[in-house]
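Okay, so here's the structure we're looking at.
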There are 2 protein chains.
Amino acid sequence: MTARKAQRTARLIDLLSQRRVIHLSEAAALLGVSEMTVRRDIATNQGQIAYLGGHILAAAEIEADIPYELATAADSHAAAKREACVHAVRKIRPDETIFIDCGTTLIHLIDLIPDNYQITAICYAMNVAERLSRKPNVTIIMLGGVYHPASASFSGTHDFDILNSVGINAAFLSAAGVDAKRGATCEHFHEAVVKQKVMSLARENYLVIDSSKIGKLKRAFFSAMDGFDAIITEHGEVGPDSFLPQAV
Amino acid sequence: MTARKAQRTARLIDLLSQRRVIHLSEAAALLGVSEMTVRRDIATNQGQIAYLGGHILAAAEIEADIPYELATAADSHAAAKREACVHAVRKIRPDETIFIDCGTTLIHLIDLIPDNYQITAICYAMNVAERLSRKPNVTIIMLGGVYHPASASFSGTHDFDILNSVGINAAFLSAAGVDAKRGATCEHFHEAVVKQKVMSLARENYLVIDSSKIGKLKRAFFSAMDGFDAIITEHGEVGPDSFLPQAV
DNA sequence: CTTGAAATGTGAGGATTTTAACAACCGCTC
DNA sequence: GAGCGGTTGTTAAAATCCTCACATTTCAAG
């Protein structure tokens with residue numbers, strides 16, 4: 001595999017992480033190569049890229065026997081995120097109202113909520129709402145506003161109108177960076193605004209992250225570590241006091 | 001949905017839970033019906049069953065991004081809807097703010113908006129927002145609220161907070177029924193509330209429908225025919241005065 | 001038993017996808 | 001620069017998929 005091809009494949013996988021499904025013709029246009037080349041790239045990369053009837057999708061989306069290629073392979077953090085959510089889901093009671101932050105981590109949490117739980121879930125990201133809509137007994141409340149493509153989330157001044165009118169038992173927050181000194185940070189300031197507002201209202205606040213986030217620092221600060229009732233990673237739960245950068 | 005169809009759909013979903021991916025032809029054989037019937041089953045069950053280039057998969061396999069086939073699979077009026085939107089899209093100016101109603105009709109409108117138009121689009125349905133997010137120069141404003149699965153839309157008392165703070169040049173409305181005497185109606189009352197509020201604020205209101213809707217009457221009334229500046233179907237545009245049930 | 005509406009099947013056509021063969025191109029060594 | 005292997009683009013034919021219109025069946029009500 002040449003360097004060009006490897007780079008192209010990496011770009012495609014990156015696109016897939018945002019879009020999940022891309023049509024062959026669109027991928028070819030975005031990568032600046034012919035469709036045939038994209039086909040060949042996929043054929044030599046069965047582990048990470050799946051393909052189905054003209055559409056390219058992340059292999060993690062599909063597991064079983066599929067006509068052409070496609071395999072299992074999941075990115076290393078997906079397993080950690082899921083494991084963290086296994087611990088986090090125990091915080092949810094059958095008839096509570098919860099808040100679910102944006103990002104990919106808490107998607108796993110949604111999948112892990114028992115189907116018979118009659119919960120109300122508040123969210124502000126499109127992928128989160130979409131995932132929630134598949135749960136049979138979940139009432140979804142979406143915070144509206146202007147769309148931010150990077151995180152597939154909505155935000156605006158009117159979020160607060162809705163938030164002020166609901167009672168939140170538990171808020172599940174994600175972060176792109178966690179630093180013992182500086183606290184929890186994320187990529188975008190508009191997200192930080194929503195997170196802070198939610199944290200000020202929720203009865204319990206849980207930070208759910210995979211441990212690769214620990215030690216990282218991003219642009220937008222939203223809470224000191226002691227603002228959380230617990231920090232939950234794939235290794236389990238720790239209190240905000242016992243949190244240390246070296247803990248993992 | 002008949003009992004037979006419901007049972008067939010349940011069987012298909014059950015198969016999907018084991019197999020993840022089933023080819024259309026195989027599903028038809030297993031269910032003992034024609035491929036066309038399976039297609040139609042899927043089309044009326046977009047929430048739980050996904051479809052991609054001849055392959056059926058559990059909706060859980062695919063993230064928010066719903067491909068073209070999903071939205072339109074076996075939708076017999078797709079061509080008429082698209083044609084109606086061809087006429088409707090001429091009402092949009094390059095830098096305006098528009099409202100896009102829920103349903104499948106106006107999805108086609110989004111696809112037809114030129115990529116270089118810098119418009120702001122207000123919506124309240126998840127599939128509409130998802131489609132809008134693919135346009136490069138569109139600012140999306142989502143009205144939040146409680147999720148209604150039947151139309152994939154959100155609504156609540158706080159819609160109005162956002163709506164009151166924006167100026168809408170043109171609103172593109174859809175309807176499930178249009179009756180010369182009774183006016184425009186839709187399936188769900190909560191949609192009617194949003195439609196009415198939008199129509200009271202927008203400078204121009206366009207009803208975009210395929211002509212199969214004409215003569216039908218649904219539960220939730222939202223506007224008399226003279227509330228629209230124009231009614232746009234696949235046959236073109238007519239004024240509210242000249243509107244007659246026999247017009248098409 | 002008849003009737004009408006809804007559900008289902010069928011087949012033609014057009015559109016899209018797949019495959020394969022071949023030509024053109026690239027980066028490399030000699 | 002010529003030669004080489006590997007990569008990429010192009011084309012055409014075959015296979016598959018999608019849509020639409022219409023025929024048929026089913027089912028329930030009259």
Side-chain angles (χ1 to χ4, degrees), chain A residues 1-12 21-46 49-57 66-70, chain B residues 1-12 21-46 49-57 66-86 104-105 107-108 111 176-177 187 210-218 234-235 248:
Chain A
M1 162 136 51
T2 67
R4 264 229 310 284
K5 181 169 182 173
Q7 194 179 347
R8 210 168 45 216
T9 303
R11 269 185 69 196
L12 182 57
V21 179
I22 302 177
H23 193 270
L24 179 63
S25 60
E26 194 180 350
L30 287 168
L31 298 173
V33 293
S34 71
E35 296 187 6
M36 194 67 226
T37 298
V38 179
R39 278 180 195 280
R40 289 195 262 242
D41 285 357
I42 296 166
T44 58
N45 230 301
Q46 302 179 14
I49 304 173
Y51 184 79
L52 211 51
H55 304 267
I56 305 165
L57 37 166
I66 291 161
Y68 307 116
E69 37 271 12
L70 340 169
Chain B
M1 164 136 48
T2 67
R4 261 226 317 279
K5 181 170 183 174
Q7 192 178 348
R8 212 167 44 217
T9 303
R11 267 184 73 194
L12 182 56
V21 179
I22 303 177
H23 192 271
L24 179 63
S25 60
E26 193 181 350
L30 287 168
L31 298 173
V33 294
S34 70
E35 297 188 4
M36 195 66 219
T37 298
V38 180
R39 279 180 196 279
R40 289 194 262 239
D41 285 356
I42 296 167
T44 57
N45 231 304
Q46 298 178 17
I49 304 172
Y51 184 78
L52 209 53
H55 305 272
I56 305 165
L57 37 167
I66 296 174
Y68 165 79
E69 283 81 1
L70 285 186
T72 62
D75 181 351
S76 59
H77 298 295
K81 289 173 179 172
R82 189 168 10 237
E83 192 57 32
C85 288
V86 168
T104 57
T105 302
I107 296 293
H108 300 287
D111 293 341
E187 294 282 6
D210 66 271
S211 58
S212 76
K213 305 297 194 317
I214 295 175
K216 289 187 177 157
L217 185 67
K218 300 291 177 179
E234 69 268 32
H235 303 296
V248 183

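Lettering of chains follows the sequences in order, A, B, ..., and the numbering in each one begins at 1. The structure presented is a predicted model; accordingly, all values stated were derived computationally and were not measured.
- In this structure, CD1 on Ile56(B) lies 9.0 Å from CG on Asp41(B), to the nearest 0.5 angstrom.
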Please enumerate all protein N or O atoms sitting under 3.5 Å from an N or O of nucleotides 9-11 of chain D, with distances to 0.1 Å.
unit_1	atom_1	unit_2	atom_2	d
dG9(D)	OP2	Ser34(A)	N	3.1
dG9(D)	OP2	Ser34(A)	OG	2.7
dG9(D)	OP2	Thr37(A)	OG1	2.2
dG9(D)	N7	Arg40(A)	NH2	2.8
dG9(D)	O6	Arg40(A)	NH2	3.3

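- Of the side-chain N and O atoms in His23(B), one or more sit less than 4.0 angstrom from OP1 or OP2 of dC17(D).
- In terms of phosphate contacts, Tyr51(A) brings no side-chain nitrogen or oxygen within less than 4.0 Å of OP1 or OP2 of dT17(C).
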Grab the N/O contacts between the protein and nucleotides 24-28 of chain D below 3.5 Å, and write none if there aren't any.
unit_1	atom_1	unit_2	atom_2	d
dC27(D)	OP1	Arg4(B)	NH1	2.9

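- Between Leu24(A) atom CG and dC17(D) atom C1' there is a gap of 15 Å when expressed in whole angstrom units.
- In this structure, Gln7(B) places its CD atom 15 Å from C1' of dA7(C), rounding to the nearest Å.
- Taking 4.5 Å as the limit, some side-chain heavy atom of Lys213(B) sits within range of a side-chain heavy atom of Lys81(B).
- Taking every heavy atom of both residues into account, Ala27(A) and Leu12(A) meet most closely at CB-CD1, 4.1 Å.
- The distance from atom NE2 of His55(B) to atom C1' of dT16(C) is 13 Å, rounded to the nearest whole Å.
- Under 3.5 Å, the side chains of Ser211(B) and Glu234(B) contain a donor-acceptor pair of N or O atoms.
- Going from atom CD1 of Ile42(B) over to atom P of dT19(D) covers 12 Å, rounded to whole Å.
- In this structure, CG on Leu30(A) lies 6.5 Å from CD1 on Ile22(A), to the nearest 0.5 angstrom.
- The side chain of Arg39(B) lies closest to dC18(D) when the candidates are dC18(D), dT8(D), dT17(C).
- dA6(C) atom P lies 17 Å from atom CG of Asp41(B), rounded to whole Å.
- The CG atom of Leu52(A) sits 10.0 Å away from atom OH of Tyr51(B), with the distance rounded to the nearest 0.5 Å.
- Rounding to the nearest 0.5 Å gives a distance of 12.0 Å between CD1 of Ile42(A) and CZ of Arg40(A).
- Distance alone, capped at 3.5 Å, places no donor-acceptor pair between the Arg39(B) side chain and the Leu24(B) backbone.
- Contact between His23(B) and Gly54(B) at its shortest, heavy atoms only, is CD2-O, 3.5 Å.
- Ile22(B) places its CD1 atom 18 Å from the C1' atom of dC17(D), with the value rounded to the nearest Å.
- Secondary-structure annotation of DNA chain D gives the stems C:1-30 with D:1-30, with a stem taken as at least 3 successive Watson-Crick or G-U pairs whose two distances both fall under 3.5 Å.
- The minimum heavy-atom distance linking Ala28(A) with Ser34(A) is given by the pair CB-C, 3.8 Å.
- Closest of all the heavy-atom pairs between Ser25(B) and Glu35(B) is CB-OE2, 3.2 Å.
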